[in-house]
Amino acid sequence: MTIRTDPAGLTSRVIAWYDEHQRDLPWRDPAASPWAVMVSEFMLQQTPVARVLPVWAQWLDRWPTPAALAAEPAGEAVRAWGRLGYPRRALRLHAAATEIERVHDGEVPSTYDELLTLPGVGDYTAAAISAFAFGRRQVVLDTNVRRVLGRVRGGEEFPAASVTRAERERAAAVLPDDEPTAATWSVAVMELGAVVCTASSPRCADCPVTDLCAWRAAGYPAYDGPPRRGQTYDGTDRQCRGRILALARDAHEPVHRSRIEAVWPSAEQRDRCLASLVHDGLLVRVGTGAYALP
DNA sequence: TAAGCGTGGAA
DNA sequence: TTTCCAAGCTT
């Protein structure tokens, strides 16, 4: 097949590479439901594949449909989320399931615009679900795709902090016209970024498009943009919130203030984090001085 | 727009 | 040991 937008063979070669080298991930099984794909996309937001795999399997076993999840308290979703991180995603996935049940007759919607209205679904996730679960033609622009295209076409090691207009236009320009081919390209170029064109120590020797790569042609110039914001963790509210929520997740009864005080020394920070967890809906106050999952 | 939001494995 | 970072979303 000739792809009009791809005279140099970028897309066809990446797709051919994908056909041979793709990882065998369960949410890529053609039998995986749109809901199963959606759950994987939520869990994979900022969390590595290896840690998602077991939790995803248990989740789908317990809640094979949006209706099944929506029928349970949101706190059960937070508990099942375990230590994947960013537990508000669990809350949003539960809220999205509830919305799918209420508005979409229990079926995960297939269009970008409908998906985008769901809680926890932004530009990337809406495009990804539409493309991967329904085979639609979408510009799927995640951190992997941005890095690959930024290198191959832009000649730069890393993309900007946020998606630029130029990046989006570049991604649209290489998206195959044919719908199923476009969907395959989207997953293929993401996979290339995930396993070959990685952020650090890219495996250029294994890349199917090294000869097309502008970054390589330029001699692999180092990133020279503004410093990328590092993530400190020790002593942050994130860590404090994580400690507190872990107590509630592992307990099946309300957790008393005394136990919370035992896991974080600073009273001021502890109280602030407790209040923010309640504000976010990750905890509810039960009686006097006790907290539980919603 | 930039900051906030978890967690743990690998380099 | 420290640093980096892994399929983002929300406000």
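Letters A, B, ... are given to chains in the order of the sequence lines, protein chains preceding strands, and every chain is numbered from 1.
Contacts of A:L245 with the nucleic acid, taken as non-hydrogen atoms under 4.0 Å apart, are absent. Within the 4.0 angstrom heavy-atom criterion, base atoms lie near A:Y233.
When the C1' atom of B:dA3 is taken as reference, atom CG of A:D237 falls 12 Å away, rounded to whole Å. Whole-Å rounding puts the A:L91 CG to B:dG6 P distance at 11 Å. For the pair A:D234 CG and C:dT2 P, the computed distance is 9 Å after rounding to whole Å.
Of the residues in residues 161-171 of chain A, none has a non-hydrogen atom less than 4.0 angstrom from any atom of DNA chain C. Residues from residues 254-263 of chain A lying near DNA chain C, meaning a heavy-atom separation below 4.0 Å, are absent.
By the rule that hydrophobic residues join a cluster once side-chain heavy atoms approach within less than 4.5 Å of another member, A:V145 and A:I129 end up as members of separate clusters.
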Next item on the list: Sugar-phosphate means primed atoms, P, OP1 and OP2; the rest is base. With that split, encode nucleotides 4-11 of chain C 5' to 3' as B, S or - using protein heavy atoms under 4.0 Å.
Entry: -BBBBSS-
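The only option from A:H21, A:R28, A:Q22 that meets the side chain to side chain donor-acceptor pair (under 3.5 Å) definition with A:E191 turns out to be A:R28.
Taking atom P in both B:dG8 and C:dC9, the straight-line distance is 23 Å, to the nearest Å.
Comparing A:S276 and A:S201 along DNA chain B, the residue whose closest nucleotide (by nearest heavy atom) sits nearer the 5' end is A:S276.
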